[in-house]
Number of protein chains: 2
Amino acid sequence: MEQNCIDIRDQIMSQKLVKSVADALYVIGGKWKLPIIIALFAQSKRFNDLKRAVEGISARVLSNELKDLEANGFIKRRVYEEDTPVSVLYELTEYSNSLEEVVLALGNWGESHLLKLKAALKEVQS
Amino acid sequence: MEQNCIDIRDQIMSQKLVKSVADALYVIGGKWKLPIIIALFAQSKRFNDLKRAVEGISARVLSNELKDLEANGFIKRRVYEEDTPVSVLYELTEYSNSLEEVVLALGNWGESHLLKLKAALKEVQS
DNA sequence: CTGTATCCCATCGGATACTG
DNA sequence: CAGTATCCGATGGGATACAG
């Protein structure tokens, strides 16, 4: 931990970490980007399936987010013209796999944070 | 990678990862939370130092974010009444150290993403 | 089904001025 | 220095209706 601490401070001092994180947040920050990507990690989905999978998102916002994610190379939009009505499948690109470490780190942290909150709540109630 | 892939899908299927990431984003998501925490990782700072360190943030927003971060146990506000004018030092709590993995993961990803963008840009220009 | 367009309100957040 | 108060324009995003 001590070693890590020195490590992270060095990176911060050099402003590299600051810029890198800012850049990451710019691209995958926001309320919906990661939840959408996670939903697609599990399985490629069509528009309305995706809408149902990402709890609380509206069609309008989902549509905008998908355009953004596609423009940034995270997802691919596959259209099946032969279906009637036409169906569209959204799937992750290979590049999205590079986000796995980030997603898992966030997931791990979120999980232990939730546990900490529950413990704190119990403490108050007793 | 293949093993990891199965691993991450299992977690997603169980909805655990989805909820954990959503929880994490709820607490440390947003434009400024992590940049502020990173700035304090390097060194504890006073209000205006912090404002200068976090590029682009306004006093109003910084003030709000700090209250939020303090309420969630990430930072501690240390007041030095004996100084004139009174000075206030913001420092990370022990709990913030748990974010190191998340910060480093985001930093690593952001850095390689930036490199990829630069490479792509060069490709276009040539 | 897969979106888009419009309306409209709530929230965000910058600028500025001000207080202790 | 360390913020807070107010004003106000920009943006986000829900609801609804509609189109291909």
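Sequence lines set the chain letters: A, B, ... in the order given, protein chains first and strands last, and positions in each chain run from 1. Treat the numbers as computed from the prediction; the structure is a model and nothing was measured.
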Review point. For C:dT2, does OP1 or OP2 lie under 4.0 Å from any side-chain N or O of A:Arg78?
Key: no

Review point. Which is true for B:Tyr80 with a 4.0 Å heavy-atom rule: it touches a base, it touches only sugar-phosphate, or it touches nothing?
Key: nothing

Exercise for review: Measure from the side chain of B:Tyr90, starting at C-beta and using heavy atoms only, and say which of C:dT2, D:dG3, C:dG3 lies closest.
Suggested key: D:dG3

Check your understanding: Which of the following nucleotides, C:dT4, C:dG3, D:dT4, is nearest to the side chain of A:Ser63?
Key -> C:dT4

Review point. Taking the side chain of A:Ala59 as heavy atoms from C-beta outward, which of D:dC1, D:dG3, C:dT4 is closest to it?
Key: C:dT4

Exercise for review: Please report, rounded to the nearest Å, how far the C1' atom of D:dA2 is from the CG atom of B:Asp49.
Suggested key: 12 Å

Point to revise | Presence of B:Lys67 side-chain N/O under 4.0 Å of D:dA2 phosphate oxygens OP1/OP2 | key: no

Check your understanding: Taking the side chain of A:Phe47 as heavy atoms from C-beta outward, which of C:dG3, C:dG14, C:dC1 is closest to it?
Key -> C:dG3

Exercise for review: Grab the CG-P distance between A:Leu66 and C:dC1 for me, whole Å please.
Suggested key: 16 Å

Practice item. Using heavy atoms to find the nearest nucleotide of DNA chain D for A:Val86 and A:Val61 separately, return the residue whose nucleotide is more 5′. Key: A:Val61

Review point. Considering only D:dG3, C:dG3, D:dG14, which nucleotide approaches the side chain of A:Ser58 most closely?
Key: D:dG14

Check your understanding: Would you call A:Lys16 and B:Glu111 a salt bridge, taking side-chain N to carboxylate O under 4.0 Å as the test?
Key -> yes

Check your understanding: Which of the following nucleotides, D:dG14, C:dT2, C:dG3, is nearest to the side chain of A:Arg77?
Key -> C:dG3

Review point. Just to confirm, is there a sub-4.0 Å distance from OP1 or OP2 of C:dT2 to any side-chain nitrogen or oxygen of A:Arg46?
Key: yes

Exercise for review: Provide, to the nearest angstrom, the distance between the CG atom belonging to B:Leu69 and the P atom belonging to D:dG3.
Suggested key: 13 Å

Review point. Is the B:Tyr90 ring parallel, tilted or perpendicular to the B:Phe47 ring (thresholds 30°, 60°)?
Key: tilted

Check your understanding: Mind checking whether B:Phe74 and B:Tyr95 have parallel, tilted or perpendicular rings, split at 30° and 60°?
Key -> parallel

**Study point:** Electrostatic pair A:Glu91-A:Arg78, nearest N-O below 4.0 angstrom
**Key:** yes

Check your understanding: Just how far, in rounded Å, is P of D:dT4 from CG of B:Asn64?
Key -> 8 Å

**Study point:** Rounded distance in Å - CG (A:Asp68) to C1' (D:dG12)
**Key:** 14 Å

Study note, to complete from the structure: B:Asn48 CG to D:dT4 P, in whole Å, measures 13 Å

Review point. Between atom CG in B:Leu50 and atom P in D:dG3, what is the gap in whole Å?
Key: 10 Å

Point to revise | Residue pair A:Asn108 / B:Glu101, side-chain heavy-atom distance below 4.5 Å | key: yes

Review point. Quick one: A:Glu81 CD to C:dC1 P, roughly how many Å, whole number?
Key: 18 Å

